Amino acid sequence: MLKLLSSSSSSCLHGQLHSLRRGPTELASPVLRVLGSLTRLTRPTPNSARQAFFCSDRSDGSDQVVEIEFKGAGAEAEAEAESKSSSAIVSTNPRPEDYLTVLALPLPHRPLFPGFYMPIYVKDPKLLAALQESRKRQAPYAGAFLLKDEPGTDPSLVSGSETDKNIHDLKGKELFNRLHEVGTLAQISSIQGDQVVLIGHRRLRITEMVDEDPLTVKVDHLKDKPYNKDDDVIKATSFEVISTLRDVLKTSSLWRDHVQTYTQHIGDFNFPRLADFGAAISGANKLQCQKVLEELDVYKRLELTLELVKKEIEISKIQESIAKAIEEKISGEQRRYLLNEQLKAIKKELGLETDDKTALSEKFRERLEPNRENCPPHVLQVIEEELTKLQLLEASSSEFNVTRNYLDWLTSIPWGNYSDENFDVLRAQKILDEDHYGLNDVKERILEFIAVGKLRGISQGKIICLSGPPGVGKTSIGRSIARALNRNFFRFSVGGLSDVAEIKGHRRTYIGAMPGKMVQCLKNVGTANPLVLIDEIDKLGRGHAGDPASALLELLDPEQNANFLDHYLDVPIDLSKVLFVCTANVVEMIPNPLLDRMEVISIAGYITDEKMHIARDYLEKTTREACGIKPEQVEVTDAALLALIENYCREAGVRNLQKHIEKIYRKIALQLVRQGASDEAAVADQIQSLPDRPAAVEVQLVDTDETQVEDDKLDQKVVSSKNQTAAESLEGNDHDHSSETSAEEVTIQMALPDEPAVVEVQVADTDEPVDSKDAKETEKIQEGEATKTVEKVLVDSSNLADFVGKPVFHAERIYDQTPIGVVMGLAWTAMGGSTLYIETTQIEEAEGKGALHVTGQLGDVMKESAQIAHTVARAILLDKDPDNHTFFANSKLHLHVPAGATPKDGPSAGCTMITSMLSVAMKKPIKRDLAMTGEVTLTGRILPIGGAIHFQGMFFCEAV
């Protein structure tokens with residue numbers, strides 16, 4: 001920050017400087033008087049006195065530090081007495097221009113201008129000691145030079161502390177290279193600790209380095225270039241600077257303080273000083289200020305300063321507009337608030353508006369009125385008590401808001417409001433079939449529910465659980481059931497739910513308390529008998545906030561949900577008419593007490609035939625409409641759908657099948673759009689290339705006197721066969737071009753050969769305008785393009801890979817004819833099921849070498865099944881082939897179940913293993929179209945097949 005040396009720093013100069021006291025009128029130059037009048041600065045009172053120091057130039061070129069004291073008229077006698085005894089300005093000895101070698105002080109932020117002082121901090125002990133020593137030797141001068149920015153860095157991104165730290169680390173040659181060449185000769189005013197106060201005197205230029213530690217340089221003293229004080233351009237520029245300063249002073253109090261202090265401390269406000277003053281107090285960056293400091297031409301320096309102060313006035317205007325906008329906004333809001341408060345008071349006095357509490361009570365009573373007859377008495381009692389309580393509470397109290405929210409929920413619930421049931425079984429059957437193919441068990445159960453309700457005349461709520469793999473339609477069937485029953489539908493998922501409050505609600509004493517999901521459901525649907533779909537009930541969580549599965553016991557119990565109690569409402573709610581439909585992927589994950597309350601309907605998945613119907617009747621139709629494709633534009637064959645199902649989408653559900661169908665239709669849409677764009681471009685090119693129409697030309701020769709020469713008149717009709725052929729080809733061969741195209745008459749008037757020629761051309765259409773004919777031809781071309789047969793996109797099994805990529809699944813049959821020892825088994829998988837081979841071969845045959853070696857990444861249960869199969873096979877061979885009964889006792893067998901990378905486990909491959917071993921023992925192959933499954937006991941009994949085993953997140957395929 002640049003400052004002026006004020007009276008507070010006069011104590012440091014009393015021992016070295018002589019004083020001179022002048023009257024205030026002796027100090028003011030014409031420029032200073034103009035600037036003071038423009039800024040309207042307040043002059044000091046007659047009885048006040050001020051004292052300051054300033055460094056100025058004498059006529060002989062030397063610098064003086066002057067102590068100036070302003071006194072009022074009351075002290076004139078004392079001033080005259082002291083002026084007689086005081087000496088004139090005495091220059092320092094030696095003079096400043098005698099210093100050709102000075103210490104170099106780096107300035108990090110801004111350059112020091114002559115006439116200003118600047119405090120800096122010197123952290124280098126050697127440099128600080130050198131400054132103190134030079135001050136003691138009556139040579140208190142040093143060079144102040146601005147520090148250059150570090151190469152490759154943005155100075156705006158470096159903080160002040162980082163900059164100071166970098167300066168303190170610079171030494172010697174490195175510091176010398178970072179200094180600007182032009183600086184300021186600064187007098188050391190005072191040293192207090194590591195703070196050094198510098199006063200700028202004159203400009204310097206570095207010539208060479210003398211010493212590195214501390215950095216000492218040789219300098220040349222710079223003087224301003226000669227200039228004409230009476231030059232009109234310089235005067236005009238300086239007056240513009242003063243005028244701009246005047247404008248800035250009107251808006252910026254900070255600048256006003258600078259000018260006031262400067263005018264009090266300076267004795268000669270000439271043009272160079274004016275330029276330095278404007279640049280020093282401006283907010284320009286250091287490089288712009290350094291440019292002003294380096295400029296020795298007074299006129300150019302004034303121009304640079306004028307540019308800086310112009311920028312300052314623009315910034316001041318922006319600042320003023322921002323402040324004005326904010327002030328208007330604040331005052332406008334305050335005015336609106338006061339007017340609203342006055343309006344409320346006036347309306348209340350006139351009885352035009354009631355207070356908030358009365359209006360709220362009326363709103364709650366109006367909302368409750370339609371259901372008052374069906375509302376239970378205990379609920380009505382609670383509502384009346386809360387309404388009375390609301391009238392006694394202050395609107396600003398926290399209890400008022402709690403009571404208001406509680407009444408809002410109590411009156412929003414549809415007490416006793418039921419939707420009309422649909423007891424038409426045929427209509428319900430039609431609705432269910434419209435939305436879903438198959439799912440006969442679910443549809444049959446819903447129709448039974450409707451039939452029972454029709455016979456009883458009233459329907460009760462039920463709890464149904466739909467279990468099955470993902471994508472089989474468990475969630476979507478719930479919406480169809482609600483539509484078939486004419487009930488409102490509400491769905492919420494409990495997957496990962498670990499907070500009991502989501503089911504039972506929060507206590508009203510908590511901040512931000514809300515009711516549970518069931519109360520929110522009743523408020524949203526507006527009826528007391530909706531269909532509520534609870535999704536992912538097998539994925540309930542359990543955390544520190546309780547066990548939601550236990551909270552659902554009351555909700556899903558037909559004996560308890562007639563008086564369901566929510567923690568927030570704290571009044572019983574009848575949910576016995578609600579139909580709950582839950583969905584789950586794995587029933588085993590549902591807690592047994594909760595599972596016991598639900599009626600489970602299993603949805604195993606869809607077979608290939610069902611997927612074909614679903615894809616053709618539902619998925620393809622929906623996707624085609626979503627993509628904006630017409631049925632006549634695309635055809636997906638049955639072979640393509642069958643290949644898509646078998647080779648890409650073997651999942652039990654149809655979600656993946658829907659994704660692949662959407663992918664096919666997206667690519668078809670892109671193909672159709674590209675084809676349409678190319679056709680439009682071809683039509684546009686054809687229209688632009690329409691040929692000129694055939695014309696009939698008549699040439700008339702006339703003289704310059706416009707006298708017609710009948711003998712020289714020529715009638716000539718020229719028909720362009722080429723143009724006629726082109727036009728006929730555009731319009732079609734079945735149209736007669738001569739009948740549609742009228743002759744055009746062209747008249748050319750020419751003068752005699754010996755006279756100047758005058759040519760007149762007239763084109764006349766005897767039938768209709770040419771523009772209308774061209775428009776008709778263009779329309780015919782466009783109609784022809786539109787009526788072209790749209791090329792249908794055909795998706796077949798041959799080009800299916802172009803739309804969905806390479807097949808994911810391949811044929812599982814390895815052998816065309818199964819060899820000896822190979823049997824095909826059946827396996828349960830996540831895709832619904834697959835086949836796998838069990839292979840057995842004889843490794844070694846010798847007396848007493850009977851053994852069994854199994855491979856194929858089999859689990860413990862499957863290894864035990866192999867040992868059981870080996871034992872049972874020996875017993876069967878003894879019974880069927882007594883002559884070969886020693887085969888298993890003397891043969892080492894190897895049993896393998898491909899693929900080796902797939903983990904397999906389960907007991908149901910027992911009969912397949914027995915068959916494979918007996919095939920090796922009896923040297924007989926198995927039928928190629930035979931597959932089997934089933935668990936075998938040690939006595940040879942076949943048990944029912946099992947299911948899938950999940951262990952530590954891995955899926956083990958159980959051979960069934």
Side-chain angles (χ1 to χ4, degrees), residues 431 433-439 469-477 479-480 483 491 605-689 778-810 831:
I431 293 175
D433 291 339
E434 285 178 358
D435 297 339
H436 292 81
Y437 181 84
L439 302 179
V472 296
K474 300 184 298 295
T475 304
S476 59
I477 193 65
R479 194 179 299 274
S480 299
R483 194 160 69 93
R491 172 193 170 272
Y606 299 105
I607 60 176
T608 303
D609 183 62
E610 291 177 333
K611 286 185 178 181
M612 286 285 293
H613 283 86
I614 294 172
R616 183 67 72 187
D617 300 336
Y618 300 94
L619 302 181
E620 189 179 3
K621 179 181 178 182
T622 304
T623 306
R624 186 169 56 242
E625 293 176 355
C627 294
I629 299 176
K630 299 179 181 179
E632 61 270 12
Q633 292 178 310
V634 63
E635 179 182 357
V636 182
T637 62
D638 293 340
L641 282 180
L642 183 61
L644 186 66
I645 294 170
E646 292 183 348
N647 299 334
Y648 296 87
C649 310
R650 291 190 181 182
E651 296 83 4
V654 293
R655 186 172 293 145
N656 192 34
L657 178 61
Q658 182 181 6
K659 293 177 182 178
H660 280 76
I661 293 177
E662 290 175 353
K663 186 176 182 180
I664 292 173
Y665 272 88
R666 286 197 304 267
K667 290 187 178 296
I668 293 174
L670 178 60
Q671 183 177 346
L672 292 175
V673 171
R674 283 177 175 172
Q675 181 180 356
S678 61
D679 292 343
E680 291 176 1
V683 172
D685 294 341
Q686 193 172 5
I687 293 174
Q688 291 179 359
S689 62
T778 303
E779 184 178 355
K780 288 180 180 180
I781 293 174
Q782 294 176 349
E783 289 179 357
E785 292 293 334
T787 55
K788 285 184 179 179
T789 304
V790 178
E791 185 177 353
K792 181 179 292 186
V793 179
L794 180 64
V795 181
D796 201 355
S797 57
S798 58
N799 63 348
L800 182 63
D802 298 336
F803 294 92
V804 292
K806 296 181 179 180
V808 180
F809 304 101
H810 302 278
M831 305 299 177

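The structure displayed is predicted, hence computed values, not measured ones.
- Annotation for A643 and S797: closest pair CB-CB, 4.4 Å, computed over non-hydrogen atoms.
- Every residue two or more places apart in sequence or in another chain that forms a side chain to side chain contact (heavy atoms under 4.5 Å, CB included) with A669 is listed here: I629.
- Q633 CD to C627 SG: the interatomic distance, rounded to the nearest 0.5 Å, is 11.5 Å.
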Original post:
Going through the distances and angles, do Y606 and I645 end up as a side-chain contact (heavy atoms from CB on, under 4.5 Å)?
Top reply: CA-CA 11 Å; Y606 299 105; I645 294 170; over 6 Å; no
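- Shown here for K611 and C649, the closest heavy-atom pair between the two residues is NZ-O, 3.1 Å.
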**OP:** Check the pair V472, K474 against side-chain contact (heavy atoms from CB on, under 4.5 Å), reporting the backbone distance first and the verdict last.
**Re:** CA-CA 6 Å; V472 296; K474 300 184 298 295; 3.7 Å; yes
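- D617 meets the salt bridge (charged side-chain N to carboxylate O under 4.0 Å, His left out) test with no other residue; sequence neighbours excluded.
- Among residue pairs with one or both ends in residues 610-637, those qualifying as ring pair (Phe, Tyr, Trp, His ring centres under 6.0 Å) are Y437-H613; sequence neighbours excluded.
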Validation: residues 799-807 side-chain donor-acceptor distances under 3.5 Å, sequence neighbours left out:
| unit_1 | atom_1 | unit_2 | atom_2 | d |
| --- | --- | --- | --- | --- |
| N799 | OD1 | D796 | N | 2.7 |
| N799 | ND2 | L794 | O | 2.8 |

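- For residues 632-652, the pairs satisfying ring pair (Phe, Tyr, Trp, His ring centres under 6.0 Å) are Y648-H660, with sequence neighbours left out.
- No side-chain heavy atom of E651 sits less than 4.5 Å from a side-chain heavy atom of P469.
- In terms of the side chain to side chain donor-acceptor pair (under 3.5 Å) criterion, residue partners of T475 (sequence neighbours excluded) are, by chain and number, D535.
- By the side chain to side chain contact (heavy atoms under 4.5 Å, CB included) test, I607 pairs with D609, E610, sequence neighbours left out.
- For the salt bridge (charged side-chain N to carboxylate O under 4.0 Å, His left out) test, residues two or more places apart in sequence or in another chain that qualify with D433 are K443.
- To the nearest 0.5 Å, the span separating OG1 on T608 from CZ on R650 amounts to 9.0 Å.
- Residues meeting the salt bridge (charged side-chain N to carboxylate O under 4.0 Å, His left out) test with E434, sequence neighbours left out: R483.
- Looking at every heavy atom in both residues, S480 comes nearest to H436 through OG-CE1, 3.3 Å.
- The structure places CD1 of I664 at 7.5 Å from CG of L641, a figure rounded to the nearest 0.5 Å.
- In this structure, D435 and I477 have side chains that are not in contact, with every pair of non-hydrogen atoms separated by 4.5 Å or more.
- Contacts classified as salt bridge (Lys or Arg N to Asp or Glu O under 4.0 Å) and involving residues 637-646 (residues at least two apart or in different chains) are given here: R616-D638.
- A 6.0 Å sphere centred on CZ of R479 holds no more than 12 heavy atoms belonging to other residues, nucleotides or ligands.
- With sequence neighbours left out, S798 forms a side chain to side chain donor-acceptor pair (under 3.5 Å) with no residue at all.
- In this structure, T637 contributes its side chain and V795 its backbone to a donor-acceptor pair below 3.5 Å.
- I661 places none of its side-chain heavy atoms less than 4.5 Å from the side chain of Q658.
- Here the NZ atom belonging to K663 is positioned 13.0 Å from the CD1 atom belonging to I668, to the nearest 0.5 angstrom.
- Applying the side chain to side chain donor-acceptor pair (under 3.5 Å) criterion to Y665, with sequence neighbours excluded, gives E620.
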